[in-house]
Visitor: 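Got a structure here, written out as structure tokens. Questions coming.
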Amino acid sequence: MRPIAIAGLVNGVFGDPALYIDFKFEKRALLFDLGDIGVLAPRKLLRLTDIFVTHAHMDHFAGFDRLLRVCLGRGMVLRLYGPPGFIAQVEHKLGAYTWNKVDRYPGDFTLLAHEVAPDWRLQAARFRSRARFAREPQEGRDCPGGVLLEERAFRVRAVFLDHGIPCLALAFEEKTHVNVWKNRLAEMGLRVGPWLAEVRRAVAEELPDGTRIRARWRDGEGEHEQPVALGELKAHALELVRGQRLCYVTDIVYHEDNAARVARFAADADLLVIEAVFLATEADHAARKMHLTAAQAGLLSRAACARVVVPFHFSPRYMGREDELRAELEHARGAGGP
Ligand SMILES: [Zn+2]
Ligand SMILES: [Zn+2]
């Protein structure tokens, strides 16, 4: 596996939640949660294209002002996604300032805010600096399977969890990379051409090996067309590289329904970033606060068979005792039982 992006917690294990997902081959990044982002340099903030907010508790959304300040005056579009009520929350944030001069700024900084409902209907609204950030309703759409963002190389998927309020868990899923061996294609009597886009699509959609592909190309002798089975191409001329799956689960209460949803959502994750706020000795307090203990996070990681688990969102009361939280999670993950 050669991941196309690398994820890192912006504020370590005790600070506000914010996971920065940085693309290796382009100047682009995504952010899961928008807590305090004071430590991120402006150039890193300007790389952001899409920001996903699990819920609007302050520790997950307080970074909005800094982001806005850095982006203001630039002709860029930033997409934000959040749970029910999120568009109004963005609107209220913007409504807290006076914008009498902002329409004269050089760039028309634009925010596209999206909020998703539990039936996966997505509503959207635009806020442009040229329009002094007045709300402009946009056409909504459906997000089957909880897919909020779908691109050629990856998708971002969400699931609703219970934190006393609806809270989104998020997954960054890289699609299978398809490398084509030109010389081996030539050995099969084929040439590269736009038809390979169809091959990539067939692989992405996991079509059966018997699927017939029409290989078409043009050279000095004119047009050529030759049918070929997808399985034959896979066997001889393609290298399929599985993409990474990264899951982010934070601010949830431990109960059966949440546990089942996390196990399904994070199944086989290459990396699971999961909250582990309290020690099991304070499980009652954790339940009241609608958070997980480290042991519960361990059980969920175990049920999901996640390969690498990164706990975070530790309560500041454990400052200097983070090893205990990690050990408790690992114990529950390995041995089972809280
Ligand atoms: Zn939180
Ligand atoms: Zn919260």
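Note that these values count all heavy atoms, side chains included, but never hydrogens, waters or copies made by symmetry. Position 1 is the first residue of the sequence, and the numbers go up from there. None of the values given here were measured: they were computed from a predicted structure. Whatever order the structure lists ligands and atoms in, that order sets their numbers, starting from 1.
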Visitor: For F61 and F86, what are the C-alpha separation, side-chain angles and deciding distance, and is it a ring pair (Phe, Tyr, Trp, His ring centres under 6.0 Å)?
Guide: CA-CA 11 Å; F61 196 40; F86 186 65; 5.3 Å; yes
Visitor: Is R74 atom CZ crowded by more than 12 heavy atoms from other residues, nucleotides or ligands, each under 6.0 Å away?
Guide: no
Visitor: Cluster question for you: counting only ILVMFWY and a side-chain heavy-atom cut-off of under 4.5 Å, with indirect links fine, are L78 and Y97 together?
Guide: yes
Visitor: How about the Zn ion (ligand 2), which protein N, O or S atoms come within less than 2.8 Å?
Guide: H55 NE2, H57 ND1, H163 NE2, D251 OD2
Visitor: Could you go through the side chain to side chain donor-acceptor pair (under 3.5 Å) check for T49 and R28 one step at a time?
Guide: CA-CA 7 Å; T49 56; R28 180 180 185 185; 2.9 Å; yes
Visitor: From the N, O or S atoms in H313, identify the one nearest to the Zn ion (ligand 1).
Guide: NE2
Visitor: When you check the side-chain N and O atoms of H291 and H313, is any donor under 3.5 Å from an acceptor?
Guide: no
Visitor: Kindly determine whether F52 and Y81 satisfy ring pair (Phe, Tyr, Trp, His ring centres under 6.0 Å), including the steps that lead there.
Guide: CA-CA 5 Å; F52 302 82; Y81 307 79; 4.4 Å; yes
